[in-house]
Amino acid sequence: MTLPFVFLRPLGLRLADKLPEPIFTPSTKAAVGDHDENISYQRCEEIVGS
């Protein structure tokens, strides 16, 4: 089971503000017309290696 990604934003962060540090949200590219699929960090390691 893959748990959903949770991002707790810093207090006071507004639309288009720069994040204090980058976030990593792995996904796979879908076929044309489909939506990309979010994947777990573990699945990302399986695809690209650790």
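If you're wondering where the values come from, they're calculated on a predicted model, not measured in any experiment.
- Counting only distance, with no hydrogens or angles, the side chain of D36 and the backbone of A30 share a donor-acceptor pair below 3.5 Å.
- Contact between S27 and N38 at its shortest, heavy atoms only, is CB-OD1, 3.9 Å.
- Distance check, rounded to the nearest 0.5 Å: CD of Q42 to CD1 of I47 gives 11.0 Å.
- Using a 4.5 Å heavy-atom threshold, the side chains of F24 and P22 count as separate.
- Note: T28 OG1 to H35 NE2 = 13.0 Å, rounded to the nearest 0.5 Å.
- The structure places CZ of R43 at 8.5 Å from CD of E37, a figure rounded to the nearest 0.5 Å.
- Here the shortest heavy-atom pairing between L13 and R9 reads O-NH1, 3.3 Å.
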